[in-house]
Every structure is written in structure tokens, then in C-alpha cells.
Number of protein chains: 2
Amino acid sequence: MKLAAHESDCGDCPIRHNAVCARCDSDELDTLERIKFYRTFKSGETICWAGDEMSFVGSVVRGAASISQTMEDGRKQMVGLLLSSDFIGRPGRETSPYDTVAVSEVVLCCFRRKPFEQLMQRTPHIGQRLLDMTLDELDAAREWMLILGRKTAREKIASLFAILARREAAMDLGTFEGTIIIDLPLTREAMADYLGLTLETVSRQISALKRDKVIVLDGKRRIEVPDMELLQRETGDDIDGGVIA
Amino acid sequence: MKLAAHESDCGDCPIRHNAVCARCDSDELDTLERIKFYRTFKSGETICWAGDEMSFVGSVVRGAASISQTMEDGRKQMVGLLLSSDFIGRPGRETSPYDTVAVSEVVLCCFRRKPFEQLMQRTPHIGQRLLDMTLDELDAAREWMLILGRKTAREKIASLFAILARREAAMDLGTFEGTIIIDLPLTREAMADYLGLTLETVSRQISALKRDKVIVLDGKRRIEVPDMELLQRETGDDIDGGVIA
DNA sequence: CGGGCGATTGACGTTCCTCAAGCCCCGTGG
DNA sequence: CCACGGGGCTTGAGGAACGTCAATCGCCCG
């Protein structure tokens, strides 16, 4: 996918109202517009290695990226999944302690870190929005901790699908006659890293959910959810909207 | 423990330079001083139930509190551990999706939520500090996710002790001739909820670490770490400072 | 002394991991 | 055209780690 010309105009940006710039007025947007630049990463490409200096921060315009930690012996845990409108990088810190990797083709809207930090001082709207987004990410991390610490393998898989379904639904597309369709941005291995499982267990549980007609597979990477409530019950969460009510 | 009179003066506050007010100048501090009030919770007392309205936000002055989620069938996961200077509550949200419980006697420095939110609009220093603290909490949550998702029971226990030791060391006290002393604010059950284990497994692994001379027990709740590096090795993390370098 | 709570320890069972074989799909090269 | 190879995925057999259930202990406090 190439970058369409109009994507350089913030007014037409698909994540205009969800990203870190959401609360900016048109003056502030102009300022951002002047210092932003786009970068594209191919699937599998590393956006930032753990320990490296982060020269820029930015928003995910399209695609998905993972944040993960690896232990010396190779055990790996994904600790963040960045989808469109999510923010990459941390103002006020030079290096990231995590690997950030594109799990599909990713388009970023970037700002060099230093100018962005200065701009934040002068533009409270950015800092406020970033605080809200960070608090949301913290909530997501906490939901994730419950998944990692207490759920069974089957519940973990169901929870992952439910989270992705919610995000796809929020971004508008993906429902058809009550059936929700999820295009998995993740390989089985990436799902395992997300959920604290092995890829074999992921595979087995997906097969089990298919056998029990909770999901329907269309190829390896497309999943149909005919009955969202049924999937929701498999997550082990409360029925009534659940965690973040 | 009763509240000493001088604790009502922000200038003498033990968490003055670490809490949400850390960056405030003396004018801003005066404003905060006028609307703050103290509350004390006994060990085991609930500070806020999941779903209840949070009428206030505030800082932990002394003691420890846990944030946790419970599933319908009783499975429980701690998703946050609040120690002195940590912030409780979320500006801009009326209810908390988590239970917040005092795990030891807790003293809070509180602000009613609405006035605090208004103050935040006018006082960028507060929002900036809160953003930094939230980003730190997010980092801690991510470290925790690695623990929950990928570490063995033994590594989990060692990691918990290492985290507590680091925090005790940062708050100054607790070292004596190279031996670090940790006063556990947590019961075995609370540790289990923290680490995604059962209390029996926690108990067995603590016994094992004791048997292997990584730790020395002084009663049930006080732990001595004669060799911090040895403990660090048991966590499974990189030796060189590790995750958040 | 008795009761209760927290903690420890043991025996046994379940879940998930490990190791291994083989499948499906697709692109490459003979 | 088909053989080949590789990556991603599936499936099976066996084993290790942790959970479950239960008995017991120590300590504090009434």
C-alpha cells in the first residue's frame, strides 16, 4: 500500500479524532502538520530495538505493531499491541526498554522527539490527550494482566478475539448481518507471545473453539464470530459489558 | 498510627517530591493545601469497590493498597500495587472498574475529584506530573505482564521480592550491612493474587528459596536478602539492571 | 483453653509445555 | 509442469509444573 497524497493533510487523516492530536484546534494542528513526517514499515520490520535511542514519537495510522520483551533464554512476552491511532514512544525518555515490531505493514505519523516535547510544553491539549490515552493503555494492560494471570488457555484465546472484535467494531467496519469478521493481524506465534502460551496450545484451542462452533475459520487468518455473546461467555468475563463498563 | 499535626503541612510531607504534587511551586501547593483532606483506612478495608463512584482522588502517604479484579467464579488478579506517593483514582472517569483495598494501614491525601479536575486544567504542572507517573505505572504493568506470562513460580516470587526491595531501597531505609530487609506488606494470598499463583505454590517457593539460602525469614512477614545479586539472578531477568535500565 | 487465621506440607490430578511428525499453501527453480 | 523447500499451522504422545484437596502447625487473641 502506498501513501495517498491526501494523507499528508491532517484534516483528512483517518485517525484525526482518535490520535494524540484529537483535541488540537486548527492552529495547533497547523503546528503539528509542519513538523510531522510519515514512515512505513514492512511486516516483520523492527521499528525500535530495546535499548536503542528513540529519535521520534508518533501515531499508528494504519497497521499493527507489537511491543515486547525477551528474556535471555528466549522466552518472549508481548506487552502492548498498537493499532491505528495508538501512540508510539514516550516523551521524556530517550530509549525504549522494549522491542517494537511491525506485525503487518505499518504507516506511522512521526514527530522528532525533541521538538514534540517542546511543543507539548506549549500545547496543553496534547499533554491532556496523551494522559487520557496513557490511562486507557494502563486499563488495557490491567485487563491483560487478568488474562495472563488467571485465565485458562481457552479463555485467553476467546478474550483475544473479543478484544480484537471490539476494536474492529469501534473502528466501524467488520460486521455483516450480525456476524463479526476479524482479520487477524497476528500469527499463531504472535498470539502465543501475547497470551503467555505456546503456539501449539494456541493452535489447539483455536481448533477447539472451531469444533464447538464459537468461531468459523475462513482461511488461517480470518475469523468469523457468528454470535458475539457466545464468544463473550467463553472469555470468562462478566456478561454485562464487563471490565471497563 | 495517628496523623501527626505537622502532616497537614505540605512542606513537611514525606511524599512531597514524589507524588502528583512534585512539580508544583509554592503557589500551586497552597491551592492544593486548601482543598486537600486526609483519610485513613485500616488494613483490609476497601477504599473503593469496582463500579462505585469515586468521589475523590489522592496520593498514598503511608501504607500499601492493592488494585484488583475478580471474576464471577472468584478467581482474582491483582493489577496494581500502590505504595507511598502513588496516585489513586483517574481524573475524568467517575467510576473505577477495580476494587481498591488497603493491604496495610493506609493514609491518603485526598482531593475531591471535581475540584481536582478543574485545578488540573489550570495547573499544567499537575497534569505533566500525572502523565509521567502514569507512564511509569504503565512500564511497571508491562514488567508485571512478563512476570505473569512467562516466568516460573520460583522466578515470580524472586521478582516480587526484587521489586519490593528496589522500592524500599529507593525510599531510603531497609539496608543493613549489605543485607536488604523487606517488610512484606502482603499475605501469602495477596502475593498469590499478585503473581497469578495459588497461595500453596507461593508458600512452597518461599520455602524453597529459604532452603537454597537466597532469602532468610525473620518471622512470616520479614525477609532478609543477604545477596541482592543472587536474588536478581533468580528472577530470570538480565543481570545488568534489566528491564528499565 | 479454644478458636480462628495465616501458613506449611503432602498426595494426587489437571493443564499446559515439550518434542516430534506431518500437513497445507505458496513461491522458486529445474 | 512438477519437484522442492520453507514457513506457518495442526495434531499427537508423554512429561513437568502448578493447581486442588486435605491435614497439620503455629501464633495471636479472646
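Protein chains get the first letters and strands the later ones, always in sequence-line order, with residue 1 at the start of each. Computed over heavy atoms, backbone and side chain alike; hydrogens, waters and symmetry mates excluded.
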**Q** Nearest-nucleotide wise, let me know which of A/A153 and A/K220 is further upstream toward the 5' end of DNA chain C.
**A**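 Going by which nucleotide is closer to the 5' end, it is A/A153.
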**Q** Can you check the A/R75 CZ to C/dC17 P distance for me, whole Å?
**A** 12 Å
**Q** Going by modelled atom types, is there a donor-acceptor pair between the base of D/dC21 and the side chain of B/E200 at under 3.5 Å?
**A**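 Answer yes: a donor N or O sits under 3.5 Å from an acceptor.
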**Q** Expressed in angstrom and rounded to an integer, what is the separation of A/I206 atom CD1 from D/dT10 atom P?
**A**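 Rounding to the nearest Å, CD1 of A/I206 and P of D/dT10 are 6 Å apart.
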**Q** Do any N or O atoms from the side chain of A/R75 and from the backbone of B/R150 form a donor-acceptor pair under 3.5 angstrom?
**A** yes
**Q** Quick one: does A/R221 reach the base of D/dG8 with a side-chain donor-acceptor pair under 3.5 Å?
**A** no
**Q** Check every atom of D/dG12, D/dC18, C/dT9 against the side chain of B/S207 and return the nucleotide holding the closest atom.
**A** C/dT9
**Q** Does any N or O donor sit under 3.5 Å from an N or O acceptor when you compare the side chain of B/R204 with the base of D/dG19?
**A**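 By the distance-only test, no, there is no pair.
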**Q** Need to verify one output field. Residue with the more 5' nearest nucleotide on DNA chain C, A/Q205 or B/L217?
**A**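 By nearest-heavy-atom nucleotide position, the 5'-most residue is B/L217.
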**Q** Tell me whether A/R90 is salt-bridged to B/D139, with the criterion being a basic N under 4.0 Å from an acidic carboxylate O.
**A**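 Here A/R90 pairs with B/D139 in a salt bridge, since their nearest N and O are under 4.0 Å apart.
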**Q** Does A/L83 offer a backbone N or O that forms a donor-acceptor pair with the side chain of A/D86 under 3.5 Å?
**A** yes
**Q** With a 4.0 Å cut-off on heavy atoms, is B/T198 in touch with a base, just the backbone sugar-phosphate, or nothing at all?
**A**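 Counting heavy atoms under 4.0 Å across all strands, the contact made by B/T198 includes a base.
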**Q** May I ask you to decide whether A/R204 forms a salt bridge with A/E200, counting only side-chain N to carboxylate O separations under 4.0 Å?
**A**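 Salt bridge: no.
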**Q** Between B/L199 (CG) and D/dA22 (P), how many Å, whole number?
**A** 15 Å
**Q** To the nearest Å, how far apart are A/R154 CZ and C/dC16 P?
**A** 11 Å
**Q** Please state how far atom NZ in B/K210 lies from atom P in C/dT9, giving the value in whole angstrom units.
**A**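 About 6 Å, once rounded to whole Å.
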**Q** Under 4.0 angstrom, heavy atoms only, what part of the nucleic acid is B/T187 near: base, sugar-phosphate, or nothing?
**A**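 Touches sugar-phosphate only.
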**Q** If only side-chain N and O atoms of A/S203 are considered, is one of them under 4.0 Å from the OP1 or OP2 phosphate oxygen of D/dC9?
**A**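 Answer is no, no contact under 4.0 Å.
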**Q** Report the distance from atom CZ of B/R150 to atom P of C/dC17, rounded to the nearest whole Å.
**A** 7 Å
**Q** Parallel, tilted or perpendicular: which one describes the rings of B/Y194 and B/W144, with boundaries at 30° and 60°?
**A**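 Rings of B/Y194 and B/W144: parallel, under 30°.
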**Q** Dump the pairs, protein N or O against N or O of nucleotides 28-30 of chain D, anything under 3.5 Å, distances to one decimal.
**A**
none

**Q** Quick check for you: among D/dG12, D/dC18, C/dC17, whose closest atom lies nearest to any side-chain atom of A/L197?
**A** C/dC17
**Q** Determine whether a donor-acceptor pair (N or O, by modelled atom type, separation under 3.5 Å) exists between the side chain of B/S203 and the backbone of B/L199.
**A**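 A pair under 3.5 Å: no.
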**Q** I'd like to know if A/E105 pairs up with A/R62 as an ion pair, taking the criterion as any Lys NZ or Arg NE/NH1/NH2 lying under 4.0 Å from an Asp or Glu carboxylate oxygen.
**A** no
**Q** Is B/E137 salt-bridged to A/R142, going by a charged N under 4.0 Å from an acidic O?
**A** yes
**Q** Answer with base, sugar-phosphate or nothing: what part of the nucleic acid does B/G196 contact at a heavy-atom distance below 4.0 Å?
**A**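 Touches sugar-phosphate only.
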**Q** Please report the distance, rounded to the nearest Å, between CE in A/M191 and C1' in C/dC16.
**A**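 Answer to the nearest Å: 18 Å.
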**Q** Could you state the CG-P distance from B/D193 to D/dG19, rounded to the nearest angstrom?
**A** 12 Å
